[in-house]
Amino acid sequence: MAVYNHTAVEKKWQEFWKENPVNVDDGKKEKYYCLDMFPYPSGSGLHVGHWRGYVISDVWSRYQLIKGKYVIHPMGWDAFGLPAENYAIKTHIHPKISVSQNIKNFKEQLKQINALYDWDREVNTTDPAFYKWTQWIFVKMFEKGLAYEKEFPINWCPSCKTGLANEEVVNGCCERCGTQVTKKNLRQWMLKITAYADRLLNDLDKLDWPEKVKKMQTEWIGKSYGAEVDFKVSGDVCPDEKITVYTTRPDTLYGATFMVLAPEHPLAKKLASEENREAVEKYIFDASMKSNVDRMQDKEKTGVFTGSYAVNPINGKEIPIWISDYVLIDYGTGAIMCVPAHDDRDYAFAKKFGIPIIPVISPDGEEMTDDKLPYTEAKGIMINSGDWNGKESSELKKEAPHIVEEMGVGKKTVNYKLRDWVFSRQRYWGEPIPIIHCPHCGNVTVPEEELPLELPDVENYEPTGTGESPLAAIDSWVNCKCPKCGADAKRETNTMPQWAGSSWYFLRYVDPHNDKALVDREKADKYLPVDMYVGGVEHAVLHLLYSRFYTKFLHDIGVVDFDEPFTKLFNQGMINGKNGIKMSKSKGNVVSPDDLVRDYGCDALRLYELFVGPPELDAEWDDRGIDGVYRFLNRFYKLCLDSKDKDIKATKEMLGVRHKLVRDIEKRLEAFSLNTVVSGFMEYNNALLDIAKKEGGIDKDTLKTFAVLLAPFAPHMAEEVWHDMGESSTVFSAGWPEYDEEAAKDDSIKLPVQINGKTRAVIEVQADAAKETVLEMAKKAVEDKISAGIVKEIYVPGKIVNLVVK
RNA sequence: GCCGCUGUGGCGGAAUUGGCAGACGCACUUGACUCAAAAUCAAGCGGUUAACAGCCAUGCCGGUUCGAGUCCGGCCAGCGGCACCA
């Protein structure tokens with residue numbers, strides 16, 4: 001029968017902690033802010049995969065707590081968004097109601113982890129007192145010119161008559177009804193995140209984040225250096241027009257044999273000559289009906305000749321102007337010069353349509369034959385390039401922008417892949433955008449004192465069919481007076497995306513009840529920024545980039561004095577079901593933590609969540625493994641019970657284990673190798689059990705040290721043992737133990753003796769033995785195998801002896 | 001296609017700057033306790049071998065080194081991200 005009654009013990013200490021809070025800000029302690037990515041409170045509840053990240057961050061938080069810090073470890077809810085809205089459409093239950101029910105359930109389940117969460121700090125993005133400030137930030141961005149309106153195409157399902165998010169488009173079709181998705185131009189609110197592109201890029205250097213995430217953000221921002229070059233249109237279809245292209249390879253200008261415009265380019269239609277007009281217009285129309293996804297899936301290049309020509313400014317040659325949808329209107333200038341000899345896509349296009357190909361770079365300076373093309377490296381000698389012949393292309397690549405600038409036909413430029421952020425949704429369940437459209441004053445912000453602009457109740461959550469949000473159907477809400485001139489005006493009916501609240505919620509946790517400011521500046525200075533952010537890697541770009549953008553903006557308007565929100569980031573791996581299949585209700589492979597907590601206890605599940613594998617990697621869940629950590633906890637507890645009433649004096653061996661334990665656990669914990677921390681506990685516990693067998697027990701100080709180290713991982717067990725050893729205050733006030741390097745050292749060590757790199761014997765030597773002594777012992781141990789004669793002797797103290805024989 | 005990560009027993013995984021490959025655990029086998037089972041405790045557990053010695057073993061091929069899971073070069077497989085970015 002198990003001696004450790006986890007249910008009773010865990011309940012006892014949970015009540016104890018409730019009455020004796022362990023994490024208190026006395027004003028003197030150093031702060032540590034450890035944050036989980038807040039969850040979307042879904043109706044299906046928590047599974048063992050959710051636990052993992054929360055256990056990791058809680059272990060880290062409790063570690064900081066024992067080290068004497070005041071830990072801010074909050075939790076909240078990211079509760080706007082599609083699932084709640086779709087549920088409302090189906091059931092006609094207001095999202096407010098379903099969301100609050102889900103939160104209640106989620107919170108109950110979350111409490112089983114018994115993390116250090118400070119529930120007084122709880123935030124909820126759908127609470128008007130919270131989204132007042134989400135709206136306030138928008139107002140400030142509008143005032144600074146960072147929020148603007150623009151016609152922008154969205155994914156549109158002609159059958160559902162609704163806009164779709166990218167993730168709702170599957171293989172170019174609507175996820176729900178299977179209809180081919182098209183595009184529809186709608187007026188959208190945009191946020192000018194591109195204004196921060198350089199800072200978002202450069203400040204990545206300041207961050208202690210996984211390199212992978214930094215790299216993903218760098219690529220997402222996609223900074224490139226190049227030149228804009230003007231090509232004059234020749235002929236009389238469009239006299240006096242010029243086309244500006246962006247290129248990163250101005251060195252290949254002599255090789256440009258055609259140009260291509262995006263179908264959406266303003267000149268695309270105009271450039272069509274009489275005989276080409278029909279084909280051009282058809283191509284442009286077809287492209288406009290294709291979804292972005294479709295357009296990208298086309299393998300074969302398509303295109304149409306406009307019938308017009310432009311003049312290559314470097315050599316005065318006329319080159320044909322084509323239209324093709326492989327050129328994107330929102331990158332660069334929406335037009336490119338094409339150098340088929342040195343670009344894969346241009347090459348494919350030229351081959352298909354029989355356009356001349358002129359090589360201008362050669363690795364050896366010789367003429368390039370067709371079989372060597374396309375040659376896409378910017379390395380080699382310029383050929384067929386007039387004055388530029390003989391130059392090194394990588395050098396020229398840097399000079400060329402200045403040359404075109406001097407010629408007056410272009411300029412040096414920088415481009416980004418990063419685009420401005422489409423910030424409006426034609427949906428109900430989101431923050432209303434606090435803008436009023438006045439016929440006289442234009443766009444006017446809702447006055448600050450009228451915030452929050454609350455989301456009104458509606459009868460119907462269905463999309464309107466016109467692409468407008470359901471809010472547009474509420475006349476009494478839409479019609480209002482202009483705050484500036486008093487004229488009849490209309491409210492904006494778009495709402496904000498789910499990202500809006502999650503882009504700044506971490507600031508609110510330090511001052512969640514403030515109705516005068518987003519966050520009190522003094523509190524912000526004291527508690528922010530976040531020291532450690534724990535969450536899934538799926539947010540590597542969007543959420544983490546948006547949060548950085550928001551933080552920089554709030555820094556610029558003086559709300560906070562730092563400009564990066566998350567100093568350190570840790571991405572935990574996912575927990576999957578059997579055979580690596582993602583846990584989901586539909587697959588029926590979801591493992592609920594509830595039964596495991598009941599049968600094994602919170603502590604055992606916490607340990608097992610870590611023991612399944614390296615925290616940064618994905619892991620497969622296997623219920624059976626939890627028996628191992630459960631047995632460990634019971635054995636440790638039994639050892640403590642057996643020892644507590646005996647007055648065991650610490651032997652040298654016990655002290656050795658104690659100091660090694662502290663040294664190893666601390667090192668592994670600092671390295672975030674949490675799975676090996678757990679195996680370390682087991683290993684040292686086994687060592688203590690062996691010693692206890694000989695000595696009748698283990699000294700109290702060693703067991704107490706063990707308990708303190710264990711406390712971040714298995715807080716209940718640690719507290720129980722701590723009190724069993726006669727302590728009356730909490731184990732979390734014990735302070736992190738220190739170790740003595742000397743005491744952790746063994747007197748003698750086992751040294752492998754190799755011959756030609758193969759271990760042939762193991763000798764035991766004094767730790768401080770002299771080289772000669774060790775070598776002598778080693779030779780003696782392998783006497784019979786070294787008769788051929790030793791060529792070389794290698795001795796690495798503490799590691800190995802290797803004897804090289806003939 | 002490009003970038004990144006990962007390949008170690010039946011399974012999850014350990015292994016400082018290159019230094020006893022398989023820690024710790026799961027599963028399994030045997031034994032003790034028990035009328036019996038569970039629980040617990042003890043022993044074993046990569047392959048080959050009757051056994052020891054030996055030999056073979058960290059996805060594959062080669063290299064550097066006294067010594068390679070670890071470093072270098074070339075492949076293969078799986079996972080993730082990006083994907084007409086001019």
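Reminder, nothing fancy here: chain letters follow the sequence lines and each chain counts from 1. Only a predicted model underlies this, so the values are computations on that prediction, with no experimental measurement involved.
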What's [X] touching, base or sugar-phosphate or nothing? Going by heavy atoms closer than 4.0 Å.
X: A/Lys667; result: base
X: A/Phe681; result: nothing
X: A/Lys214; result: nothing
X: A/Asp344; result: nothing
X: A/Val612; result: sugar-phosphate
X: A/Lys750; result: base
X: A/Gln754; result: base
X: A/Asn802; result: base

Checklist entry - Residues in side-chain hydrogen bond (donor to acceptor under 3.5 Å, both in side chains) with A/Arg249, at least two apart? => result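 A/Asp251.
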Taking only Lys NZ, Arg NE, NH1 and NH2, and the carboxylate oxygens of Asp or Glu, determine whether [X] and [Y] approach each other closer than 4.0 Å.
X: A/Glu211; Y: A/Lys214; value: yes
X: A/Lys192; Y: A/Asp420; value: no
X: A/Arg598; Y: A/Asp595; value: yes
X: A/Lys779; Y: A/Glu793; value: yes
X: A/Glu609; Y: A/Arg52; value: no

Span that lies between the [atom1] atom of [M] and that of [N], in whole angstrom:
N: B/G62; M: B/U49; atom1: P; result: 26 Å
N: B/G25; M: B/C75; atom1: P; result: 42 Å
N: B/A53; M: B/A39; atom1: C1'; result: 42 Å

Does the base of [N] carry an N or O that pairs as donor and acceptor with the side chain of [X] under 3.5 Å?
X: A/Lys301; N: B/C84; result: yes
X: A/Arg419; N: B/C85; result: yes
X: A/Lys799; N: B/U17; result: yes

Checklist entry - In which ranges does RNA chain B form stems of 3 or more consecutive Watson-Crick or G-U pairs, distances under 3.5 Å? => result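 Expected stems, ordered by start: B:1-7 with B:76-82, B:10-12 with B:24-26, B:28-32 with B:40-44, B:46-48 with B:54-56, B:59-63 with B:71-75.
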Whole angstrom is fine here: how far is it from [atom1] in [X] over to [atom2] in [N]?
X: A/Tyr326; N: B/C84; atom1: OH; atom2: P; result: 13 Å
X: A/Lys758; N: B/G19; atom1: NZ; atom2: P; result: 17 Å
X: A/Asp330; N: B/A86; atom1: CG; atom2: P; result: 13 Å
X: A/Trp322; N: B/C84; atom1: CH2; atom2: C1'; result: 17 Å
X: A/Asn415; N: B/C84; atom1: CG; atom2: P; result: 16 Å
X: A/Tyr608; N: B/C26; atom1: OH; atom2: C1'; result: 7 Å
X: A/Tyr246; N: B/C85; atom1: OH; atom2: P; result: 12 Å
X: A/Glu538; N: B/C79; atom1: CD; atom2: C1'; result: 15 Å

Next on the checklist: Does B/C5 have its OP1 or OP2 closer than 4.0 Å to a side-chain nitrogen or oxygen of A/Lys212?
Outcome noted: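 Answer is no, no contact under 4.0 Å.
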Checklist entry - For A/Asn675 and B/A14, is the shortest distance between a side-chain N/O and OP1 or OP2 below 4.0 Å? => result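 It does, given that an N or O in the side chain of A/Asn675 lies less than 4.0 Å from OP1 or OP2 of B/A14.
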Item to check | Base orientation of B/G25, syn vs anti, 90° cut from 0 | outcome: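 Anti conformation for B/G25.
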Checklist entry - When you check the side-chain N and O atoms of A/Tyr225 and A/Asn415, is any donor under 3.5 Å from an acceptor? => result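 Side chains of A/Tyr225 and A/Asn415: no pair found under 3.5 Å.
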Next on the checklist: Please compare A/Met682 and A/Glu620 by the position of their nearest nucleotide in RNA chain B and report the one closer to 5'.
Outcome noted: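 Upstream on the strand: A/Glu620.
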Checklist entry - Of A/Lys638 and A/Met216, whose closest RNA chain B nucleotide lies nearer the 5' terminus? => result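 So the residue in question is A/Lys638.
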Item to check | ring-ring contact (aromatic ring centres under 6.0 Å, His included) partner of A/Tyr608, the single match among A/Phe632, A/Trp51, A/Phe713, A/Trp621 | outcome: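 Exactly one option meets the ring-ring contact (aromatic ring centres under 6.0 Å, His included) with A/Tyr608, and it is A/Trp621.
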Item to check | Geometric cation-pi criterion A/Lys301 and A/Tyr326, 6.0 Å radius, 45° cone | outcome: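 That pair qualifies as a cation-pi contact.
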